[in-house]
Amino acid sequence: MVDFNFSVFSAAPAAADEDTALTDLLAAAIGRAPAPRRWRTGRAGLWCTAVPDGAPRRSQGWKLHVTGTPAAAPEILGRCLEILLGAGSAFKFAATTDYVAAMNARNTPRGHSGKFITVYPESDDEAVRLAAALHEATAGLPGPRILSDRPYAPDSLVHYRYGAFTEDRRLTNDGFYAWMIIDPDGNPVEDRRIGRYTPPPWATCPFPDNGQRVTRAEGRSGKDLVIGGRFAVKNAIRHTNKGGVYRAVDVRTGDAVVLKEARPHVAADPEGRDTRDRLRAEARALERIRHRGIAPRPGGLFTESGHLFLAQEMIPGTPLREWTADSIRDAGWGPHLAPALEMARRLADLMIEAHATGLVLRDFNPNNVMVRPDGAPVLIDLELAVVPGDGEETPLRAGTPAFSAPEQFEGAPPHATADYYSLGATLCYVLTGGPPYFMEERPRPRPLTQRLTEWLTARTQGLDLPESLRAVLVELMADDPGRRCTPARARSVLASFAPSPVPAQAQGRADEDAGPDEWLQEACEQAVRGITGRLLAAMEPESAQALWPMSCVHGAPDPCCVQHGAAGSLGALVRYMRYASDPRLPDASATAARWMLDRVRDGARRPSGLYFGTAGVAWALLDAGLALGDDALAEEAAAMAEALPVTAPGPDVTHGTAGIGMTALHLWARTGRKSFAERAQAAADALAAAVEEGPDGLVWRTPAHVESKLAGKSYYGFAHGIAGVGYFLLACAEATGSAEHRELAVRVGESLLDAAFITPRSAMWGAGTGDPPTAPYWCHGASGIGTFLVRLGAATGDARFVRAADLSARAVTDQSWRAVLGQCHGLAGNGDFLLDMADVTGDARHRAAAWRLARIIIASRAHRDGRIVLPDERGDVSMSWGEGLSGVLAFLVRLRYGGERLWMADAASAQGAAEDAVAGTAVRGSAP
């Protein structure tokens, strides 16, 4: 008897207008199946699953994947279903053709791309039988190669790999989930999904050879791989799902060339056009302009092992994106304007020259322009370029966010006015250092010109940019394509303005003490309310996976942690609750706390750290319990913290012993329990015992044998380096009176002074010994290091540390042009450091500088349904502390209302070693 029960899981309910063509095929096939088997089917995320009742479930083994293009997906699935339903093995498939397209997109992670259908055979013999049957059934249909698997046969849609069948995810020491399989000795090992076939060494492959044992890259014997009969590949510039980009030498001429690869069937559209068609379009564009000197000379198209390659001249130089960052960093904010204006004129000329050939570029942006050593800009990556009306098909809804015109993403036919918009956006980037990324608004979007004007005002604070130039930027990016000014007009305006260089030391003096105007204060309050509304609306307490939607480029994080999970968002909401009368906040905070408790009670192993582990969860829950007056919650949070080890494998603030010690100090200050003071001292003692004396000063490092990306490494910064360790040692010494720990903190400060790149204007640091100066952020760089040094200077009275902190603050304000907004690598974390400087030194100019950063953040907002969102590091909306809305909210709340910085032990330091602070045994404390 067949039981078709198509249940829809809450993780991803099918939208009312969602395409059901693929799931309808499953329903119909089950209805026709003659076998007396009951099937349990359902939806989870992008997958539709089908599992026969009573079927044995292996936890791991050889699994099959069937690839396919979106256009061919219905036929491929239809041919496979008859075989799969007859076999009785569990399987799943992408539930819509849009999901198939997403898995095959140009930049989909290479270890996950192409896997349209996944089959979980009951045995190795069944895997071999099914692979042969599916291969025969799908022969001749189109689909991309699955890079993490081995094809069953040449050009087969069927692939195989050894991996996990059931979900066994475990948190690593770094705080991210990893899929696990069990080796023959019973030990868990990571089931890695990467862009090449890497079976475990102990797994015996049961599949026939079928000619698949040698690939293009194998058997080179140390010699350069020559492809196309003439190009010796030297190394890869990058690898993406669509194909690689390689440095090579033309063995016939000796010329250096770039080879661009297009993998068959990747990013295929409904008409079957794929990345190869884009590469052919680039070849046509290069031929059209080859004698103009504004793009690489083409070297021809050729096919190798079924992949299409385009050879083109190697252009020496730097991408415009890097040129801009280097120009501002090296010259300084303000003095960079003269070279930036010269580059802007050249870019306008470049577009004028390209348009003179009839070409519409359609993807003009700072990544697609190379700057030669002589300063001349050159077009690269012309995959979307087209001559309107020449009969060549081109993908319409394509481009680069922030730089391509809105109508281009809406499917408008190619037109030169879209390039005008891209020129304006690129000039904005060159002049300000930030991409003009305007996220979608609803239900009534503000005019783009209004948003751009506000954005330019914020981004050009302290920059001598004339109104005529601001006006032409707005005209280039006008909402109405027909009203955009031409590159020729932009070139004329640019030619009329030539500012004299501004000495770096004089830049910014006029307004550095100016506080916020009334508009900015009100805008800040509106942003706080709008971000809070977005966080509350985005909560999903019914979800077992994540309380807030999470997005992290590093992997799947612990949904409870501070950096990417619920603890960071809860901390920000509880902090705002101190100042707001919003009745939603207590209920939301209590709901979040219950959700987190349910997860940490599950017994799963979690790291212990502050930002990526249980310490941060306990911190957030304790503050929530005290704010809500929930004694039971506060007690459970305290018990959770007491159950932690006092040390971790690593030394740092985010994952290691310093962060655990900071948590103990915070809980001591909030509860008065002497046991937490003892735990903090034990953590400090362990760090004192583990310090190394290197040739460049003090060093703490994560041991090399620890399974962690930090293993064997040492850094200077606050998140992972000695600055964070020094801060904890200082805080512990201030709270407990430990002279030993205070002396060690001073030695950390001395090491950081020795490692600094100091100029009369700023102090910068590399990530570690021998590294060049890095961006001045909290994680690595001047913002986090200054966070420690200003407190060290205040505690010791040593003016050298305060001076270095002040120079760190200058580095932060000089580089406020950097576009990222979050806490870890962005303006919110830098703003919190500036508020630290203002609080510790009493210098009002630092608070004024923090308000200037807030203006930039607020100008980047988008309004959605009465709420506010901001872009994270990838241009998406994230709720997280480290890079998303929660961290920005905490900074804006502190800026507007005051208070101490979150996730710091300053309260314990201020409290000192007074006896009445450690005498109590009951949980007590004021609202956080």
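What you see below is based on every heavy atom in this structure, not just the backbone, and it leaves out hydrogens, waters and symmetry mates.
Between Tyr576 and Tyr897, the two ring planes are tilted [angle within 30° to 60°].
Taking the charged nitrogens against the carboxylate oxygens, Asp326 and Arg321 have no contact shorter than 4.0 Å, which rules out a salt bridge. A salt bridge does not link Arg446 with Glu440: every distance from a Lys NZ or Arg NE/NH1/NH2 to an Asp or Glu carboxylate oxygen is 4.0 Å or more. Looking at Glu467 and Arg470, a side-chain N of the basic residue comes within less than 4.0 Å of a carboxylate O on the acidic one, giving a salt bridge. Taking 4.0 Å as the cut-off between side-chain N and carboxylate O, Arg397 and Glu410 do not count as a salt-bridged pair. In summary, Arg534 and Asp865 do not engage in a salt bridge, as defined by a charged side-chain N under 4.0 Å from a carboxylate O. Between Arg874 and Glu883 there is a salt bridge, with a side-chain nitrogen of the basic residue lying less than 4.0 Å from a carboxylate oxygen of the acidic one. Under the 4.0 Å criterion applied to side-chain N and carboxylate O atoms, Arg896 and Glu522 are not assigned as salt-bridge partners. A salt bridge links Arg484 with Glu407: the distance from a Lys NZ or Arg NE/NH1/NH2 to an Asp or Glu carboxylate oxygen falls below 4.0 Å. A salt bridge links Arg845 to Asp806: one of the charged nitrogens lies within less than 4.0 Å of a carboxylate oxygen.
Among the candidates His846, Arg901, Arg847, the single residue satisfying the side-chain hydrogen bond (donor to acceptor under 3.5 Å, both in side chains) test with Asp839 is Arg847. The only member of Thr449, Leu469, Leu448 that meets side-chain contact (heavy atoms from CB on, under 4.5 Å) when paired with Val474 is Thr449.
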Residues Arg451, Glu454; criterion salt bridge (charged side-chain N to carboxylate O under 4.0 Å, His left out); working and verdict
CA-CA 5 Å; Arg451 299 175 70 182; Glu454 181 184 338; over 6 Å; no
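What you find for Val893 and Arg575 is that their closest heavy atoms are CG1-CG, 4.1 Å.
Once rounded to the nearest 0.5 Å, the distance linking CG of Leu789 with OG of Ser808 reads 6.0 Å. If you take CD1 on Ile858 and CG on Leu892, they are separated by 5.5 Å, rounding to the nearest 0.5 Å.
Two residues are said to be in side-chain contact when any heavy atoms from C-beta on lie closer than 4.5 Å; Leu821 and Pro871 meet this criterion.
Side-chain contact of Glu873 with His825: a donor-acceptor pair under 3.5 Å is present, judged by distance alone. Thr426 and Asn365 share no side-chain donor-acceptor pair at under 3.5 Å. Using modelled atom types and a 3.5 Å distance limit, the side chains of Thr240 and Asn107 yield no donor-acceptor pair. No side-chain donor from either of Gln526 and Arg529 sits under 3.5 Å from a side-chain acceptor of the other. Defined by atom type and a distance below 3.5 Å, a donor-acceptor pair is missing between the side-chain atoms of Ser762 and Asp814.
Aromatic ring centres of His780 and Tyr715 lie closer together than 6.0 Å.
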